[in-house]
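To keep things clear, I will list the structure first and then write my remarks on it.
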There are 2 protein chains.
Amino acid sequence: MARRKDHTREELTQLAIQCGRDIVVAEGPSALSARNVTKLMGYTPGTLYNLFENIDGLTAAINTTSLINFAETLRCILRDHAKPKKRLSKIAQAYLEFQLREPHLWTLLFATPIQHDSEDYRTAIHLVFDQVTEVLLPISKNNKVARQNAKILWSTLHGICLLRSSGKLDVSEADPSEELVKRFLNQYFKL
Amino acid sequence: MARRKDHTREELTQLAIQCGRDIVVAEGPSALSARNVTKLMGYTPGTLYNLFENIDGLTAAINTTSLINFAETLRCILRDHAKPKKRLSKIAQAYLEFQLREPHLWTLLFATPIQHDSEDYRTAIHLVFDQVTEVLLPISKNNKVARQNAKILWSTLHGICLLRSSGKLDVSEADPSEELVKRFLNQYFKL
DNA sequence: TATAATATTGAACAATGTTTATTTTTATGT
DNA sequence: ACATAAAAATAAACATTGTTCAATATTATA
C-alpha cells in the first residue's frame with residue numbers, strides 16, 4: 001500500500017500535527033509517541049519519518065502551532081490600544097490562562113527540554129515576543145531596555161507558572177500565581 | 001549471588017546516588033538509566049528497585065543532594081552578614097554560577113519535569129528557600145511579602161536560566177543573563 | 001547443621017525511537 | 001496501452017528503555 005493520495009505531503013504533515021496535538025491535550029506529553037500518533041492518523045510509524053526527521057521534529061511542529069495560536073490570542077487582546085500598563089497586565093493574564101486552559105500543551109511547549117532549532121519555531125517565538133516588546137517600548141528607556149524587559153517579564157511569568165505546575169513552594173495555595181504576577185508587575189513596572 | 005555485604009542498604013543507596021550523579025554530570029540526564037547506574041555500581045538493574053520505588057526516585061534523591069549542596073553554598077556566601085542588597089546580589093550570582101558550573105545537574109534539578117513528592121526533597125527545597133526569604137525579610141514590608149518576593153526572585157532567576165539553556169531569544173548573546181538579572185534586581189528591589 | 005530470611009540476579013515483558021528492505025500504488029515515457 | 005521508473009507506505013526488525021519476578025545465592029538464626 002502506498003501513496004493513497006488521500007492527502008498531499010503537506011496535508012499529511014498537518015494531520016500529524018493535529019493528531020499529535022490532540023493526543024497531548026487528552027493524555028499529556030508522555031503519550032506523544034510515534035505509534036500513538038500514526039495510529040490515530042490511520043498510518044504506520046514509518047510514515048512519521050517521512051514527514052519529520054524524528055519525534056522531536058513533530059514536537060517542535062506542535063509547539064510552533066501553540067506559539068502561533070498564542071500570538072494570535074495576544075494580537076486580539078492588544079487590539080484595543082489601551083494604556084501600556086493595562087496591556088501589560090493583559091499579556092500576563094493571557095499567559096497564565098494559557099497554562100490553565102491547556103496545561104499539557106503548555107508543558108510540552110515550555111516545560112519539556114527539547115532542542116528546537118527549526119526556523120519556523122524561531123519565527124513563531126518572535127511572533128509572540130515582538131508583541132510583548134512592542135507593548136513595553138513606551139514604558140522603557142530605549143529599544144534595548146524594552147527587549148530586556150520583555151525577556152525579564154517572560155522569564156518571570158515562565159518561572160511562576162513552573163512553580164505552579166510543579167507544585168513546589170506551595171504556589172497556588174499560600175501565594176496564588178495571580179498575586180505573585182500582580183506584585184511583580186506593580187513593583188517592577190510601577191504598574 | 002546475594003547480600004555481598006560489601007555495603008549496608010544505606011551505603012548502597014548512597015552509592016546509587018553517587019553513581020547516578022556522576023553519570024548525569026558526565027553524560028547528562030538522558031544517560032541516567034537503571035542499567036547505566038547499576039552497571040557503574042557493580043550491580044544489576046533489579047537492585048535499584050530494592051532501593052527506590054522507580055527511576056524517578058533516584059532522580060529525586062540526586063536532586064535532593066544537589067539542593068542540599070546549593071543550600072550549603074548559600075550558607076557560606078551569606079555568612080558575612082553584609083547589607084541585604086549585597087547579599088541578594090550574591091544569591092543571584094550563586095544561582096547563575098550553579099547552572100554554569102554543573103549544567104547537567106541544574107537541568108536535572110530544574111528543567112526536567114518530574115514529580116518530587118518525597119519529604120526529603122521538600123525539606124531540601126526549604127533549606128534553600130528559607131535562606132532566600134530571610135535575606136529578603138529586611139527589605140520587605142512583612143513576612144508574607146518577603147516570602148512572595150522570594151518566590152518571584154526564584155522564578156525570575158529560574159526563567160532567565162531556562163532561556164539561557166534553551167538558547168531561545170538570544171539570551172547570552174544580545175542580552176547576557178547576568179545583565180538581565182542585574183536589571184531585574186535593580187528595578188524590582190531598587191538595588 | 002538445618003532452616004529461615006534476605007539480597008541479588010537474570011531473564012523476561014511491554015513500550016519506546018528508529019531504520020530498512022519490501023510491497024503497493026501512482027506517475028511517466030514510449 | 002503498456003512497461004518502467006518513482007514514490008509512498010508498510011511490516012518487521014533492532015536497540016534501548018523501565019519494571020517485574022521467580023530462581024538462586026548468601027547470610028542469619030534456631
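Lettering follows sequence order; numbering is per chain, from 1. These numbers come from the heavy atoms of this one structure, side chains and all, not from hydrogens, waters or symmetry mates. Keep in mind it's a predicted model, so treat the numbers as computed, not measured.
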| request: Kindly point out which of C/dT18, D/dT20, C/dT9 is positioned nearest to the side chain of B/Thr44? | output: C/dT9
| task | Would you check if B/Leu108 and B/Thr59 make a side-chain contact, meaning some heavy-atom pair closer than 4.5 Å? | result | yes
| task | Report which part of the nucleic acid A/Leu32 touches: base, sugar-phosphate, or nothing (heavy-atom distance under 4.0 Å, all strands). | result | sugar-phosphate
| request: Please state how far atom CD1 in B/Ile55 lies from atom C1' in D/dT20, giving the value in whole angstrom units. | output: 15 Å
| Which part of the nucleic acid, if any, lies within contact of A/Leu58, taking any heavy atom under 4.0 Å across all strands shown: a base, the sugar-phosphate backbone alone, or nothing? | nothing
| request: Would you classify B/Asn54 as touching base, sugar-phosphate or nothing, given that sugar-phosphate means primed atoms plus P, OP1 and OP2, and contacts are heavy atoms under 4.0 Å? | output: sugar-phosphate
| request: Can you figure out which of C/dT16, C/dT19, C/dT9 approaches the side chain of A/Arg35 most closely? | output: C/dT16
| What is the distance, rounded to the nearest whole Å, between atom NZ of B/Lys39 and atom C1' of D/dT16? | 13 Å
| query | Below 4.0 angstrom from OP1 or OP2 of D/dA8, is there any side-chain N or O of A/Thr47? | reply | no
| message | Applying side-chain hydrogen bond (donor to acceptor under 3.5 Å, both in side chains), can you list everything that pairs with A/Arg75, at least two apart in sequence or on another chain? | response | A/Glu72
| query | Across the strands shown, which category fits A/Leu51 at heavy-atom distances under 4.0 angstrom: base, sugar-phosphate, nothing? | reply | nothing
| message | Any non-hydrogen side-chain atom of A/Tyr43 less than 4.5 Å from a side-chain atom of A/Leu48? | response | no
| note | Considering only heavy side-chain atoms of A/Asn50, the closest of D/dT20, D/dA9, C/dG17 is D/dA9
| task | Take the protein atom OH of A/Tyr43 and the nucleotide atom P of C/dT18, then report the distance between them rounded to whole Å. | result | 21 Å
| request: Please figure out whether B/Leu12 or A/Tyr49 has its closest DNA chain C nucleotide nearer the 5' end. | output: B/Leu12
| message | Rounded to the nearest 0.5 Å, what separates atom CZ in B/Phe110 from atom CG in A/Leu162? | response | 11.0 Å
| task | Check the distance between C/dT9's P and B/Leu48's CG and give it to me in whole angstrom. | result | 12 Å
| message | What is the distance, to the nearest angstrom, from the CD atom on A/Glu53 to the C1' atom on C/dT19? | response | 13 Å
| query | For the ring pair B/Phe98 and B/Phe70, is the centre-to-centre distance below 6.0 Å? | reply | yes
| query | Between atom CG in A/Asp56 and atom C1' in C/dT16, what is the gap in whole Å? | reply | 13 Å
| message | How many whole angstroms separate atom CZ of A/Phe52 from atom P of C/dG17? | response | 14 Å
| query | What integer distance in Å separates A/Leu15:CG from D/dA9:C1'? | reply | 14 Å
| task | Output the single nucleotide from D/dT20, C/dG17, D/dT17 whose closest atom is nearest the side chain of B/Ser33. | result | D/dT17
